[in-house]
Structure formats: C-alpha cells, structure tokens
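Remarks on the structure that follows.
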Amino acid sequence: MENFIKLMLAFGIGLLLVLLAMPKVIPFLHKMKFGQVEREEGLESHKKKGGTPTMGGVVFVLAAVIAAFVVNYKNITNPNLVLITIVLVGYSLIGFIDDALIILKHQNEGLKAWQKFLMQAILAVGCYLYLENFVPGFTTEVTIPIVKVNIDFGWFYAVLVFIMFTGESNGVNLSDGLDGLATGLSMVAIAPFIIYAIMIKDYTIASYATAMVGALLGFMYFNYHPARIFMGDVGSLGLGGFLAILAILTKQELLLIVVGGVFLMETLSVIIQVVSFKTRGKRVFKMAPIHHHFEMLGWSEQQVTISFWFIGFICGIIAIVIGVM
C-alpha cells in the first residue's frame, strides 16, 4: 500500500505542477516571442502554427524531476534516481540549446546534425560509465524476450546504450510533428516500464515513470489540437533519453523496440525516404516523417494522431505481455 501511495503521489504532483505552471508559462513565452518556426517546405496547414509557444517540455521535465525527488526524499542519493535525472536533464539540455538557436535565428535549423549527435554520444558514454561504476548489480547481459535467454554483450553493451539513446531520442523528436502526438505516444510508451519496474520491486524507477506520466497528462491539456504550446526539442529529446534509461535500468533493452514501435516507424520512414531519394531520385512517401504522409493523403491531424496513439497502445500491450511471460 505504501508503494502504491508513492506512485500515485508522484503522478499527482507531476500533474498538478504542470497544470499550475503552464497558464503562466504560455503567456510568458508569448511575451518573449519563443514561438515555433515552421519549415518553409512544410504542409500549408501547419504554417498557421508558426508563432505558437514552444519549449514547453521544460515544464513537464522539471515537474517530473521535482515529483520524483519529493516522493523519494528519504533516498535522494539512490543511483537509479540520480542516473535517470542526469539522462533526462542532459538530453533536455541538448534540446534546449537546439530550440534556443532556432528561435534566435528565426529559422527551422538549430544545432548541426553532427553537433547534436556528438552531444548525444557523450551523454550515452557517460551513462554507461555511471552504470558500470555506481549502479549496484549492473550487468552487460541482455535478456532475449520470450525465450528468456541471457546474452552477455560485454564491451558491445556500451554500443547498445549509445544506439538506444540516440535512436529513441531522435525517434521521439521526429514524432513531435502533430498536436499531442509525441505527448500521447510517450505516455503510452512509459506505462510498460512502470510495470517492469514494479516486477523487479524498484519503486524508485516506477515512481519516476509515474511522475512523468502525470506531468505529460497535464501537458496534454495544453498540447492537444489546437495546441497552445509545443514541447520542442527540449521535451522530445528528454523523453527519448528517459525511455532509453528506463529500458536499461529495468533490463528490458530489447523490448524498447516494441514499446517504441511508432517511434521506430517514424524514424525508418525518414531513413527510407532519404535513401530512396538519393539513390533512385524517387520518394516512397508523399512526405516524411510518415505522419505527414497520411496528412497528405487527406487525413485530418486528429485522425492521424489518434490512429498513431492506438498503434502505440497496441505496441505497449504487446510489450507488457512479452515482458511478463
């Protein structure tokens, strides 16, 4: 019962902080002219979103961090609590810099791809070193789902960590193109890790995850169509890193692929589009990421968002079933 209360309290604090802060943050961002800069080649229907406040991810990231530390006040030096915070804040900081540059330059180009990639790589390496030196019981073994076979990745585990962080953070970032899409998908993706954390009786991880779900639910109130604020890269990159570290700490590394099925789909659509255009001079999709493809087929923004949420929900259910088998 005590642990259940802890989870609900983390959820409630995260939710309440965002609901209280956002009505003050949105006018402030408007005043500071921290608005979204839409791509020139983007969809015409999205051009009207230009100027909508962005960088809202700062609010739910801070809300989740505060909620997690409040409910774990008796053990704030817990290695898992510290590591999740380092990853979440670190990837959010990369996104913050990217957003700030876009706003300052008034064009949809912030950090160079190599700069963002390098920062993500440094954080991933730092995370691996922290795991190896400070997290009790850390192992480089990876469990193959369903068959429950453990394989020791040895030094390659560091490479896996790098792939997980860069892949997931960029996947969530690419999904943040429609009102509420990345927010809803992230909530659904975090849910299985709450169950995985409870399974290994680590309520520090579970409470951090519930705090983030609560914070995202509060953010959704302002982010759903028509969005009054966007999360920006500060939110999407932070969420990607958050999902990756949850997978690592709950030892469900490979199930991150299933949990983040929609994020993977979005990433692959961009890769396929770029490779096809550069090698054949032809596009596979009308526009990438794939959510824009469906918009160009005539789907409304809400239809695409809700359909992708549903796919994400199915991916989450499948991941939970596989994880508990």
Check your understanding: So, the side chain of S169 versus the backbone of G240: is there a donor-acceptor pair under 3.5 Å, distance only?
Key -> no
Check your understanding: Among all residues two or more places apart in sequence or in another chain, which pass the side-chain contact (heavy atoms from CB on, under 4.5 Å) test with I322?
Key -> P145, I146, L255, I318
Exercise for review: Just jot down the ring-ring contact (aromatic ring centres under 6.0 Å, His included) partners of Y221, sequence neighbours excluded, or say none.
Suggested key: none
Practice item. Using only heavy-atom distances, determine whether the side chains of T183 and Y224 contain a donor-acceptor pair under 3.5 Å. Key: no
Review point. Just by distance, with hydrogens left out, do S236 and D176 show a side-chain donor and acceptor under 3.5 Å apart?
Key: no
Check your understanding: What is the distance from atom CD1 of I195 to atom CD1 of I190, rounded to the nearest 0.5 Å?
Key -> 13.0 Å
Review point. Between the side chain of Y91 and the main-chain N/O of Q120, is any donor-acceptor distance below 3.5 Å?
Key: yes
Check your understanding: Counting only N and O atoms by type, is there a donor-acceptor contact under 3.5 Å from the side chain of T52 to the main-chain atoms of I229?
Key -> no
Point to revise | Whether Y130 and F134 hold their rings parallel, tilted or perpendicular, with breakpoints at 30° and 60° | key: tilted
Review point. If we ignore angles and hydrogens, is there a donor and acceptor under 3.5 Å between the side chains of N78 and N72?
Key: no
Practice item. Using modelled atom types only, decide if a donor and an acceptor are shared between the side chain of N133 and the backbone of L129 within a distance under 3.5 Å. Key: yes
Practice item. For F263, check ring-ring contact (aromatic ring centres under 6.0 Å, His included) against everything at least two apart and list the hits. Key: none
Check your understanding: Does F285 have any ring-ring contact (aromatic ring centres under 6.0 Å, His included) partners at least two apart in sequence or in another chain, and if so, which?
Key -> H293
Practice item. For F138, enumerate each residue passing the ring-ring contact (aromatic ring centres under 6.0 Å, His included) test, keeping only those at least two apart in sequence or located in another chain. Key: Y157
**Study point:** N80 and T204: side chain donor to acceptor below 3.5 Å
**Key:** no
Study note, to complete from the structure: Given the options I200, T139, T143, K251 meets side chain to side chain contact (heavy atoms under 4.5 Å, CB included) only with T139
Point to revise | side-chain contact (heavy atoms from CB on, under 4.5 Å) against V304, all qualifying residues, sequence neighbours excluded | key: L178, H291, F294, E295, W299, F308
